[in-house]
2 protein chains.
Amino acid sequence: MSDVKRRQAKADPEMDEAIYQAITQAILEGRLTAGTKLAEHRLAEAFGVSRERIRKVLHRLGAERRIEIVPNRGARVPQPSLNEIRAVYEAHRVLEAGVLVQLVRILDAAILARLDAHLAEERAAAERGDRAASVRLSGAFHIHLVDALGNSELSHFLRDLLSRSSVMVSVYEPASQSICAVDEHEAIVEALRARDLAAAIDLSRHHFLHVERRLRVECAPKAAQEFADVFALPVRQP
Amino acid sequence: MSDVKRRQAKADPEMDEAIYQAITQAILEGRLTAGTKLAEHRLAEAFGVSRERIRKVLHRLGAERRIEIVPNRGARVPQPSLNEIRAVYEAHRVLEAGVLVQLVRILDAAILARLDAHLAEERAAAERGDRAASVRLSGAFHIHLVDALGNSELSHFLRDLLSRSSVMVSVYEPASQSICAVDEHEAIVEALRARDLAAAIDLSRHHFLHVERRLRVECAPKAAQEFADVFALPVRQP
DNA sequence: CGCTTAGATAATGTGCACATTATGCATCAA
DNA sequence: TTGATGCATAATGTGCACATTATCTAAGCG
């Protein structure tokens with residue numbers, strides 16, 4: 001009672017979210033390579049929290065297909081096959097075709113202005129050779145397209161696909177090339193501005209085929225990482 | 001030790017899956033109406049399992065947006081607003097447009113044969129006035145369309161949308177009308193057979209607009225249900 | 001009479017102990 | 001040397017006890 005016997009941490013949804021974001025970001029940014037074992041005890045120690053909290057986050061990640069969970073055998077960072085990657089890209093391509101169909105119907109000056117502003121930003125990053133920004137902005141372009149519809153279902157699905165393809169790119173994509181050609185993005189917006197639906201869909205299709213063609217089967221059998229190095233923030237001071 | 005003190009149930013993923021399916025089906029079939037509180041203790045008692053098992057299933061359902069979970073306040077069957085329902089239908093419409101774009105490219109005799117077979121089944125159900133079968137088959141038509149692409153990502157997303165719109169229909173749709181007109185489905189297949197993409201998209205679009213137009217705001221404030229009646233199977237014999 | 005508030009009660013969140021299962025390793029036989 | 005087998009160890013799954021939070025009720029006050 002009055003003892004300092006044990007102190008139970010109060011309900012803290014922010015901590016759950018912080019751990020969730022930390023692991024998600026680590027996978028997206030490639031700090032956690034494919035195939036890495038995610039042991040509950042190790043993670044609990046690295047974050048300085050109890051094992052149950054890690055367990056809850058891990059199951060949530062498993063339900064969202066971001067990690068792979070095998071009963072009684074724990075969780076791993078998935079190593080998708082080339083076919084699964086192609087399926088994700090194809091799904092993105094199919095979805096974007098549908099988005100374009102709807103977009104030409106509701107297109108107005110405000111939407112075009114937002115897309116133009118993004119293209120300018122993207123081109124600036126490409127011209128100054130900022131690869132990190134280029135990767136981020138090339139993904140953001142497709143997010144802008146679907147967000148223009150204002151449909152949270154579609155936006156959520158696309159972000160899910162994009163987060164999955166990001167980790168895939170980090171595994172299979174040769175790092176020397178830029179992800180998306182800015183020219184192709186600009187061409188899509190021009191077709192939209194001209195209300196040329198067939199052209200926009202065709203450009204989008206070829207754009208994705210270009211990206212898919214760059215994929216190579218390059219397995220990255222990196223050594224096991226130390227979680228304390230992967231996650232910078234959870235260093236707790238005594 | 002050797003006592004019959006307490007017996008821990010061995011790991012049983014099938015039980016988890018059974019409970020998950022039971023709750024999902026109950027929501028889909030309308031046995032659990034919108035707004036019903038899903039108390040952990042009540043569910044544990046109804047299924048005859050421990051509270052932690054229910055808790056795990058509930059969090060999984062919450063992650064998939066099938067139920068609504070508020071921290072420290074428990075889980076409820078969601079009562080979506082009319083706008084949210086429209087968003088789900090719009091997402092379905094946008095996705096199907098993209099599916100049609102890809103479908104006309106890979107269309108062959110086998111796919112058309114499967115679609116024709118389904119249409120015959122659907123028309124037979126409509127002509128004999130089997131409303132239950134009509135509802136089921138009209139949803140299955142759209143599943144057939146996306147499954148023809150053989151992309152599990154797209155199939156999974158569409159099934160998710162369909163399961164969400166099913167519960168919505170049970171809440172908002174007047175029960176006297178059939179969900180989908182078979183004629184409209186047949187017209188879409190005919191446009192596909194003629195490789196007329198623009199017509200197919202337009203037919204699909206109007207088809208969904210017809211369904212959306214039927215939606216009415218009809219709140220169903222039914223009385224609280226007894227879980228023992230809702231879930232038939234978990235009656236455990238002593 | 002209406003509003004606020006304090007206590008009682010019920011439901012959810014968390015940590016821990018233990019059961020169960022998988023894995024690594026040494027030993028032995030062919 | 002290679003393969004199989006049994007044991008030791010570690011990791012995951014589950015139930016329970018307790019802390020925390022929300023909800024309900026009723027008393028008190030303006």
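As a basis for the values below, the full set of heavy atoms in this structure was taken, side chains included, without hydrogen atoms, waters or symmetry mates.
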Query raised in the report: Which whole-number value in Å describes the distance from A:Ile19 CD1 to C:dT14 C1'?
Result: 13 Å
Check: protein-nucleotides 8-12 of chain C nitrogen or oxygen pairs below 3.5 Å:
unit_1, atom_1, unit_2, atom_2, d
C:dT12, OP1, B:Glu40, N, 3.4
C:dT12, OP2, B:Glu40, N, 3.2

Query raised in the report: Between C:dG15 atom P and A:Ile54 atom CD1, what is the distance in whole Å?
Result: 11 Å
Query raised in the report: Knowing that exactly one of A:Arg55, A:Arg53, A:Arg73 qualifies, which makes a salt bridge (charged side-chain N to carboxylate O under 4.0 Å, His left out) with A:Glu40?
Result: A:Arg55
Query - Distance-only donor-acceptor check, side chains A:Tyr20 and A:Glu64, under 3.5 Å - result: yes
**Report entry** Polar contact flag, side-chain donor to acceptor under 3.5 angstrom, B:His207-B:His185
**Finding:** yes
Report task. Please state whether the phosphate of D:dG15, meaning OP1 or OP2, lies under 4.0 angstrom from any side-chain nitrogen or oxygen of B:Ser50. Result -> yes
Report summary line: Here the distance between atom C1' of D:dT14 and atom NE2 of A:His59, to the nearest Å, is 11 Å
Query raised in the report: In Å and rounded to the nearest 0.5 Å, what is the CD1 to NZ distance from A:Ile19 to A:Lys56?
Result: 9.0 Å
Query raised in the report: Can you find a side-chain donor-acceptor pair between B:Ser155 and B:Ser152 that sits under 3.5 Å?
Result: no
Report summary line: note: A:Glu52, atom CD; D:dC18, atom P; distance rounded to Å ~ 17 Å
**Report entry** B:Arg53 CZ to C:dT20 C1', straight-line distance once rounded to whole Å
**Finding:** 13 Å
Query raised in the report: Do you see a donor-acceptor pair shorter than 3.5 Å between the side chains of B:Thr24 and B:Arg66?
Result: no
